[in-house]
Amino acid sequence: MLSLDFLDDVRRMNKRQLYYQVLNFGMIVSSALMIWKGLMVITGSESPIVVVLSGSMEPAFHRGDLLFLTNRVEDPIRVGEIVVFRIEGREIPIVHRVLKIHEKQNGHIKFLTKGDNNAVDDRGLYKQGQHWLEKKDVVGRARGFVPYIGIVTILMNDYPKFKYAVLFLLGLFVLVHRE
């Protein structure tokens, strides 16, 4: 039988202790958001950390790898570089390698991408009528990675009940833990 000692701990708390724990939880959430915003400013990327969601970049990156991104405006995009980009009408960004670059005489750059494990380039993924990506489509460029750490994110997206259970347990831990 599952022990519910934590409920006794919550009942034994006075209002002041409970308010303190709720405030503690709020501070943790606020700190996480501030760290995220700070990383956005430092890296120049709207999403400084992303998880690889498919096997299209194998063997370079596997499903569940955590990528660290930067997106400095002054850095030119190069062939062979791994970029994360958004396509209009798609919610989830894509992680692929730059295959070709097309530079106009005025300095405007367009580029074509392809997943390492894909047979063809990404023109079929781009919005209808779009044949090249532009710098405005780039979320960031891969600068480092940690293998398989992002699998937790994939599990939470694939199994929403698992996500709610983890969030509930973390919230409960913060409320009940008194130190």
Side-chain angles (χ1 to χ4, degrees), residues 2 25-73 75-101 111-127 130 132-175 177:
L2 179 67
F25 183 71
M27 293 296 288
I28 290 169
V29 171
S30 297
S31 296
L33 288 173
M34 286 190 291
I35 290 169
W36 184 260
K37 290 294 185 181
L39 283 173
M40 287 173 65
V41 169
I42 291 168
T43 63
S45 176
E46 68 184 63
S47 185
I49 299 172
V50 296
V51 175
V52 178
L53 298 176
S54 74
S56 67
M57 280 303 293
E58 290 179 0
F61 298 120
H62 298 278
R63 189 169 193 252
D65 287 356
L66 192 69
L67 299 181
F68 300 100
L69 309 178
T70 62
N71 196 19
R72 304 228 188 290
V73 177
D75 293 343
I77 292 175
R78 296 181 179 95
V79 171
E81 192 169 36
I82 296 169
V83 296
V84 178
F85 59 91
R86 286 196 192 278
I87 297 173
E88 192 176 310
R90 291 185 181 231
E91 186 179 319
I92 298 172
I94 298 170
V95 178
H96 281 174
R97 191 179 302 274
V98 175
L99 185 64
K100 293 180 185 176
I101 291 181
F111 56 94
L112 179 65
T113 56
K114 177 185 174 294
D116 291 356
N117 201 21
N118 293 350
V120 295
D121 63 42
D122 290 342
R123 287 184 176 149
L125 296 175
Y126 303 160
K127 71 179 182 179
Q130 182 180 13
W132 299 86
L133 291 174
E134 298 178 28
K135 200 159 184 169
K136 68 176 177 57
D137 300 316
V138 175
V139 173
R141 303 171 211 191
R143 297 296 184 215
F145 77 102
V146 179
Y148 302 112
I149 295 294
I151 202 73
V152 175
T153 302
I154 293 172
L155 287 173
M156 287 185 172
N157 285 334
D158 290 350
Y159 305 102
K161 289 180 183 175
F162 176 69
K163 173 172 52 177
Y164 296 126
V166 168
L167 291 174
F168 174 76
L169 291 173
L170 285 173
L172 194 60
F173 175 77
V174 169
L175 286 174
H177 193 66

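A 4.5 Å side-chain heavy-atom check between L99 and T113 finds every atom pair outside the cut-off. The shortest distance between side-chain heavy atoms of S56 and H96 falls below 4.5 Å. Residues V52 and F145 fail the side-chain proximity criterion, which asks for heavy atoms closer than 4.5 Å. Taking the side chain as every heavy atom from C-beta outward, N71 and V139 never approach each other to under 4.5 Å. Between S47 and W36 there is a side-chain heavy-atom pair separated by less than 4.5 Å. Put simply, the side chain of E134 does not reach to within 4.5 Å of the side chain of F111, judged on heavy atoms. In this structure, the side chains of R78 and V98 stay at 4.5 Å or more apart for every pair of heavy atoms.
Once rounded to the nearest 0.5 Å, the distance linking CZ of F162 with CG of N157 reads 11.5 Å. Between the NZ atom in K136 and the CD atom in E88 there is a gap of 7.0 Å [rounded to 0.5 Å]. Between atom CG of residue D158 and atom OG1 of residue T153 there is a gap of 10.5 Å, rounded to the nearest 0.5 Å. The distance from atom CG of L133 to atom CZ of R86, rounded to the nearest 0.5 Å, is 13.0 Å. Summarising the geometry, atom CZ belonging to R97 is positioned 7.5 Å from atom CZ belonging to F61; distances are rounded to the nearest 0.5 Å. Expressed to the nearest 0.5 Å, how far CE of M156 lies from CD1 of I151 amounts to 12.5 Å.
Here the rule is side-chain contact (heavy atoms from CB on, under 4.5 Å) with I87, and of L125, D137, D122 only L125 fits it.
Without hydrogens or angle criteria, R141 side chain to L69 main chain gives no donor-acceptor distance under 3.5 Å. For N117 (side chain) and M57 (main-chain N/O), no donor-acceptor pair under 3.5 Å exists by modelled atom type. At least one donor-acceptor pair closer than 3.5 Å links the side chain of K135 to the backbone N or O of V73. Judged by distance alone, the side chain of R63 and the main-chain N or O of L53 form a donor-acceptor pair under 3.5 Å.
Between G140 and S45, the shortest heavy-atom contact is CA-OG, 4.2 Å.
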For I154 and V51: C-alpha separation, side-chain torsions, deciding distance, then whether side-chain contact (heavy atoms from CB on, under 4.5 Å) applies.
CA-CA 8 Å; I154 293 172; V51 175; 4.2 Å; yes

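Under the ring-ring contact (aromatic ring centres under 6.0 Å, His included) criterion, Y126 pairs with no residue, sequence neighbours left out.
The number of heavy atoms from other shown groups lying within 6.0 Å of CE (M40) is above 12.
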